[in-house]
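Heads up: the structure comes next, in structure tokens.
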Amino acid sequence: MAPRPGGETDKFGNRYEGAWTVRHALYVLLGRGTSITLEPGSPLGDGIEFAYRYDGGTQVHQVKRQNRNANSWNVASLRSKQVWSSLRSHVDAGRAFHFVSLLPARELDELADRARRSDDFPSFEAEWLTDWLRGPFQALAALDVYGSAETAWRMLRSLWVEWHNERDIVNINAVLAEQVFAGAPGRLAAVGLGDLLLNNLGTTLDAPSIIARLGEYGLRQVSGTDGDEARDEVGEATRRWAASVERELLRPEIPREAADQLVEVIASDAQQTIVLTGTAGSGKSAVLHQAFTALTKLGTPVLGFRLDRMAPFTSTHEMGRGIGLGTSPVNALGAAANGRPCALIVDQLDAVSLASGRIPDTFDVVADLIGESMAYPAMRVVLVCRTFDAHADHRIRQLTASDRSTCISVDQLSDAQVDAAIASMGLSAPQVTPSQRGLLRSPLHLVLLAQIAGQHEALSFRTTRQLFDAFWDSKRKACMRRQPSVRFHEAVSAVVTAMSTRQRLSVPDSVLVRTTSP
């Protein structure tokens, strides 16, 4: 079709503008809005990109990605873009005006919010118009903009100023697309929806009319069967993760305060991302398992997986496939939870650390995963990481410093907890020296001790090295009892070498076959 005047030839060449438009088409499909019209005719289309209708009325959206080399918007720069004249024509017609950009306009956003909070113009002027906002408000009230203070106040009441990160918009669009479309990954489906919109400029599109046009893009509407499949996949992936954690736990478990804190934060509305940190061997896995058990009892859907056993991935969709899902972990859990509060546990985040991780190049995908979770306000993302990596990797530090995140630290065990664990092994806690007790404040060392507790002089160790040596010696003897011809050291060496070469915590059976062959 030949383009009409108005600049729509680059409508979706402007990725930011196109992504924001796709977002609202997705809202229509999700039932939050009733229809969307791109480049509507005059006067509705004057100075805007699209009109979005919902039960409460009509919004019009003006999108400006950036302001040349400036890092924000103000009254003068928006006047040069004819935004104030467009705003007035739409407000006088009873429409809400949204100005959207990558760049902030904080003073105007604050003015608009305060204007809506005030009952009338005199109360706004007396109670809400503070000194730092008086300058920009007077600029709006000047003759070259609105000509009066009361008119400026009335315009502000119907103005919404928004600034969003482009990557976040694209990521959330992918999540929303997978809520409504089947037949393609969310990011690809969102691109298809954008092309559908571009081919229907000036047409008012509601959900049925969009769905009727999906066939040519290989897409279909998500059905109840898709949700059931997602729940099954989430349940199976989480069972595998929980089993891998349970194999490493000390029995009986030691109740950890951090587990209670984690459940409390997940249940709150305060933060969306929780970073659980602790030193190596501090019992992060035990904390996770206790929190998982408590959340399961509360009926909270959980998806857990660990990054250290995954092959490298380049997208959240590929990450999901790596743990047995048909889509991104966020989408799968969101579909399984169906709007309920839920928790996404990303275990072993240090696998993507610049400091010590084996797949550091995949960190951006984890960041995308967190961005996708914003599409589900009731979803909490739990990132589990060693303290060293949380401090050493500047990217992980940024996650912990975010306004949307909180950090929970897993502390060492107390003397009382150590003594109780030693007694449960049938050993004498009073025989443990202060230096030994210091080592055993690490749950990992207690797990090692539990494996040799039945040996003579189990408490003879003085260093961590001696404790590990005793543990490995017990494993060697157990293997020899089961299979006297076993080549224990050769097998362990072959597995370690293969893991180091492959940079993965798993090896093919053929490695051991070659080792054990005569």
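Worth knowing before you read on, the calculation uses all heavy atoms, side chains too, and leaves out hydrogens, waters and symmetry mates.
Taking OG of S285 as the start and CG of L249 as the end, the distance is 7.0 Å to the nearest 0.5 Å. Taking CG from L250 and CG from L444, the interatomic distance works out to 10.5 Å, rounded to the nearest 0.5 Å. Taking CG of L383 as the start and CD1 of I274 as the end, the distance is 8.5 Å to the nearest 0.5 Å. A distance of 8.0 Å separates NE2 of H61 from CD1 of I36, quoted to the nearest 0.5 Å. Of the inter-residue distances, the one linking F461 atom CZ with L448 atom CG reads 9.5 Å to the nearest 0.5 angstrom. Here the CD-CG distance, from Q272 to L344, works out to 10.5 Å after rounding to the nearest 0.5 Å.
Although no hydrogens or angles enter the test, the distance criterion places a donor-acceptor pair under 3.5 Å between the side chain of R114 and the main chain of W128. A side-chain donor-acceptor contact under 3.5 Å links T34 to the backbone of R53. With hydrogens and angles disregarded, no donor-acceptor distance shorter than 3.5 Å links the side chain of T362 to the backbone of V365. Under the 3.5 Å distance criterion, the side-chain polar atoms of S72 are left unmatched by any main-chain donor or acceptor of P104. Listed for the Y217 side chain is a donor-acceptor partner under 3.5 Å among the backbone atoms of L196. Side-chain atoms of Q417 never come within 3.5 Å of backbone atoms of L413 as a donor-acceptor pair (strictly under, hydrogens ignored). Side-chain atoms of Q466 come within 3.5 Å of backbone atoms of R462 as a donor-acceptor pair (strictly under, hydrogens ignored). In this structure, R358 contributes its side chain and P312 its backbone to no donor-acceptor pair below 3.5 Å. Here the side chain of Q348 pairs no donor or acceptor atom with the backbone of C385 at under 3.5 angstrom. With hydrogens and angles disregarded, no donor-acceptor distance shorter than 3.5 Å links the side chain of D389 to the backbone of A355.
Closest approach of S373 to M379, counting heavy atoms only: CB-SD, 4.1 Å. When every heavy atom of P341 is checked against every heavy atom of P301, the shortest pair comes out as O-CD, 3.2 Å. Across L219 and G183, no two heavy atoms sit closer than the pair CD2-C, 4.3 Å. Residues S244 and R309 share a closest heavy-atom pair of CB-NH1, 3.6 Å. Summarising the geometry of R340 relative to G299, their closest heavy-atom pair is NH1-O, 3.6 Å, with the distance given to 0.1 Å. Shortest non-hydrogen contact noted between S428 and I422 is C-CG2, 4.2 Å.
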Applying side chain to side chain contact (heavy atoms under 4.5 Å, CB included) to V330 and T316, what does each step give before you reach the verdict?
CA-CA 8 Å; V330 164; T316 58; over 6 Å; no

Under the salt bridge (Lys or Arg N to Asp or Glu O under 4.0 Å) rule, what do R306 and E248 come out as? Steps first, then yes or no, please.
CA-CA 14 Å; R306 50 193 300 167; E248 303 170 358; 3.6 Å; yes

Given side chain to side chain contact (heavy atoms under 4.5 Å, CB included), test T464 with L439 step by step and report yes or no.
CA-CA 7 Å; T464 302; L439 292 177; 3.4 Å; yes

Chi angles and distances behind the side chain to side chain contact (heavy atoms under 4.5 Å, CB included) call for I408, V265:
CA-CA 9 Å; I408 297 175; V265 175; 4.1 Å; yes

Can you check side chain to side chain donor-acceptor pair (under 3.5 Å) on S356 and R386, steps first, answer last?
CA-CA 10 Å; S356 61; R386 290 183 302 184; 2.6 Å; yes

Given the rule in the side chain to side chain contact (heavy atoms under 4.5 Å, CB included) test, do V366 and M319 qualify, once you have shown the distances and angles that lead to the verdict?
CA-CA 9 Å; V366 177; M319 176 195 286; 4.2 Å; yes

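Between D347 and K284 there is no salt bridge, since no side-chain N of the basic residue sits under 4.0 Å from a carboxylate O of the acidic one. Salt bridge annotation for R397-D393: absent, with no cationic side-chain nitrogen under 4.0 angstrom from a carboxylate oxygen. Salt bridge annotation for D109-R106: absent, with no cationic side-chain nitrogen under 4.0 angstrom from a carboxylate oxygen. A salt bridge does not link E229 with R231: every distance from a Lys NZ or Arg NE/NH1/NH2 to an Asp or Glu carboxylate oxygen is 4.0 Å or more.
Taking 4.5 Å as the limit, every side-chain heavy atom of D350 sits out of range of all side-chain heavy atoms of I396. With a 4.5 Å cut-off on side-chain heavy atoms, R256 and P443 count as touching. The shortest distance between side-chain heavy atoms of F181 and R220 does not fall below 4.5 Å. Put simply, the side chain of Y54 does not reach to within 4.5 Å of the side chain of V28, judged on heavy atoms. Between I210 and L29, some side-chain heavy-atom pair lies under the 4.5 Å cut-off. Residues T238 and F305 have side chains not in contact (no heavy-atom distance under 4.5 Å, counting atoms from C-beta outward). The side-chain heavy atoms of E257 and V287, taken from C-beta on, include no pair separated by under 4.5 Å. Contact annotation: the side chain of Q290 never approaches that of L262 to less than 4.5 Å [non-hydrogen atoms, C-beta and beyond].
Atom CD of E166 is surrounded by more than 12 heavy atoms from other residues, nucleotides or ligands within 6.0 Å. The 12-atom threshold is exceeded at CD of Q455, counting heavy atoms of other residues, nucleotides or ligands nearer than 6.0 Å.
Side-chain atoms of S328 and E372 include a donor-acceptor pair closer than 3.5 Å.
The aromatic rings of H24 and Y52 sit perpendicular, their planes meeting at an angle over 60°, well past the 30° parallel limit.
Annotation: cation-pi geometry not satisfied between R476 and F488 (NZ/CZ under 6.0 angstrom from ring centroid, within 45° of ring axis). A cation-pi arrangement, defined by a distance under 6.0 Å to the six-membered ring centre and an angle within 45 degrees of its axis, is absent between R65 and W20.
Among pairs with a residue in residues 437-452, those fulfilling side-chain hydrogen bond (donor to acceptor under 3.5 Å, both in side chains) read D415-R441, D419-R437, Q451-K475, at least two apart in sequence or across chains.
Screening V496, V495, T497 for a side chain to side chain contact (heavy atoms under 4.5 Å, CB included) involving S493 leaves a single residue, T497.
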